[in-house]
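Along the sequence shown, the residues carry numbers beginning at 1. All heavy atoms count here, side chains included; hydrogens, waters and symmetry mates do not.
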Amino acid sequence: MVKKHVSFGFMNGQMGRLHRVILAEKLKTMGITYAQVGFMMQALRHPGKSQDEISLVLSVDKAATARAVAKLIEEGFLYREENPENRRQKLVYPTEKAKAIDEELHFELRSANEIMLSGLSKDEADTLMRLMAQVIDTSREKLEMPNVWDML
């Protein structure tokens, strides 16, 4: 049973850390870290997305995005090109190395989700996901950030 003094932030943090633990070894064999997953997924799903757009979708500051993308470039998973329409903007693309692990990465992410939701019925899992989306929407709205679901 949840104690009354336990906060939403604590519970959310626990879920994130448990998700990281479940995925850690599998990601290590692929050559990426948990912190790099979002950047990889954005590049794989939306090749040519700008670093600024990736920052917005992942709710990460631009400097952190630049560092993460630079590390993934160094490791051979991504590459960057100047946007011909706006030379200050960097567009991010997956390399063949990233594309080679795309299917395995998706499989492992789905497996981790299944493990975490395995104690819930389908209706409970759907409700949890709906409520989490509502919390995200409300938070982004209060922070005057655009709706994330249109960008995924």
Side-chain angles (χ1 to χ4, degrees), residues 6-117 125-152:
V6 174
S7 71
F8 171 80
F10 174 81
M11 304 255 310
N12 187 51
Q14 281 291 305
M15 286 180 39
R17 285 186 290 279
L18 290 167
H19 195 245
R20 180 184 304 230
V21 169
I22 291 166
L23 284 165
E25 285 305 312
K26 297 292 184 177
L27 294 175
K28 192 175 190 177
T29 65
M30 287 184 249
I32 62 172
T33 67
Y34 188 81
Q36 294 170 328
V37 170
F39 302 99
M40 286 284 290
M41 295 302 293
Q42 285 299 302
L44 287 163
R45 285 186 179 149
H46 305 285
K49 186 173 263 192
S50 75
Q51 283 187 194
D52 290 349
E53 291 171 313
I54 292 171
S55 292
L56 196 56
V57 169
L58 299 179
S59 304
V60 176
D61 67 72
K62 293 175 185 180
T65 297
R67 287 190 302 273
V69 168
K71 183 71 174 164
L72 286 164
I73 289 169
E74 181 183 312
E75 294 170 358
F77 287 105
L78 302 180
Y79 68 96
R80 240 184 323 224
E81 289 185 356
E82 232 177 49
N83 183 347
E85 296 171 14
N86 178 354
R87 294 175 50 186
R88 290 182 296 164
Q89 198 173 56
K90 304 293 186 240
L91 306 180
V92 180
Y93 297 90
T95 64
E96 291 305 315
K97 183 176 179 181
K99 292 175 189 175
I101 66 166
D102 185 23
E103 197 172 309
E104 182 182 5
L105 179 56
H106 277 85
F107 175 81
E108 294 303 340
L109 292 170
R110 280 191 304 276
S111 296
N113 292 345
E114 288 171 11
I115 289 168
M116 292 193 74
L117 296 173
D126 290 345
T127 299
L128 175 62
M129 295 298 283
R130 183 180 50 76
L131 290 171
M132 289 172 73
Q134 187 175 339
V135 169
I136 291 166
D137 289 345
T138 301
S139 299
R140 289 181 75 91
E141 184 179 310
K142 298 283 184 199
L143 294 168
E144 298 180 357
M145 297 171 75
N147 183 317
V148 71
W149 313 117
D150 298 333
M151 297 182 273
L152 291 176

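- For Phe10, the ring pair (Phe, Tyr, Trp, His ring centres under 6.0 Å) test picks out no residue, with sequence neighbours left out.
- In this structure, CD1 on Ile136 lies 14.0 Å from CD on Glu141, to the nearest 0.5 angstrom.
- The shortest distance between side-chain heavy atoms of Glu53 and Thr65 does not fall below 4.5 Å.
- Closest approach of Asp61 to Ala63, counting heavy atoms only: OD1-N, 3.1 Å.
- Contacts of Glu75 classified as salt bridge (charged side-chain N to carboxylate O under 4.0 Å, His left out), with partners at least two apart in sequence or in another chain: Lys71.
- To the nearest 0.5 Å, the span separating CG on Asp52 from CG on Leu56 amounts to 8.5 Å.
- Contacts classified as ring pair (Phe, Tyr, Trp, His ring centres under 6.0 Å) and involving residues 126-152 (residues at least two apart or in different chains) are not found.
- Note on residues 97-111: pairs passing salt bridge (Lys or Arg N to Asp or Glu O under 4.0 Å), not counting sequence neighbours, are Glu96-Lys99.
- Rounding to the nearest 0.5 Å places CZ of Phe39 at 8.0 Å from CG of Leu72.
- The closest donor-acceptor contact from the side chain of Arg140 to the backbone of Pro146 lies under 3.5 Å.
- For the atom pair CE (Met40) and OG1 (Thr33), the distance works out to 10.0 Å, reported to the nearest 0.5 Å.
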Please report, to 0.1 Å, the donor-acceptor pairs under 3.5 Å made by any side chain of residues 84-93, with sequence neighbours excluded.
from, atom 1, to, atom 2, distance (Å)
Asn86, OD1, Arg88, N, 3.2
Gln89, OE1, Asn83, ND2, 2.5

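- The shortest heavy-atom contact between Phe8 and Val135 is CZ-CG1, 3.7 Å.
- Partners of His46 under the ring pair (Phe, Tyr, Trp, His ring centres under 6.0 Å) rule, at least two apart in sequence or in another chain, do not exist in this structure.
- Minimum heavy-atom separation, Pro94 to Pro47: CD-CB, 3.9 Å.
- In this structure, the side-chain contact (heavy atoms from CB on, under 4.5 Å) partners of Ala66, at least two apart in sequence or on a different chain, are Gln51.
- Among residues two or more places apart in sequence or in another chain, the salt bridge (charged side-chain N to carboxylate O under 4.0 Å, His left out) test is passed with Asp126 by Lys122.
- Contact record, Gly38 with Leu58: C-CD1, 3.7 Å, taken as the closest heavy-atom pair.
- Taking OG from Ser50 and CD from Gln42, the interatomic distance works out to 10.5 Å, rounded to the nearest 0.5 Å.
- Every residue was checked against the side-chain hydrogen bond (donor to acceptor under 3.5 Å, both in side chains) condition with Thr95, not counting sequence neighbours, and none meets it.
- Residues forming a side-chain hydrogen bond (donor to acceptor under 3.5 Å, both in side chains) with Arg45 (at least two apart in sequence, or on another chain): none.
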Which pairs of donor and acceptor atoms, one on a side chain in residues 14-30, lie under 3.5 Å apart (sequence neighbours left out)?
from, atom 1, to, atom 2, distance (Å)
His19, ND1, Tyr34, OH, 2.6
His19, NE2, Asn113, OD1, 3.3
Thr29, OG1, Lys26, O, 2.7

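- With sequence neighbours left out, the side-chain contact (heavy atoms from CB on, under 4.5 Å) criterion links Leu143 to Met145.
- Residues Ile32 and Leu105 meet the side-chain proximity criterion, which asks for heavy atoms closer than 4.5 Å.
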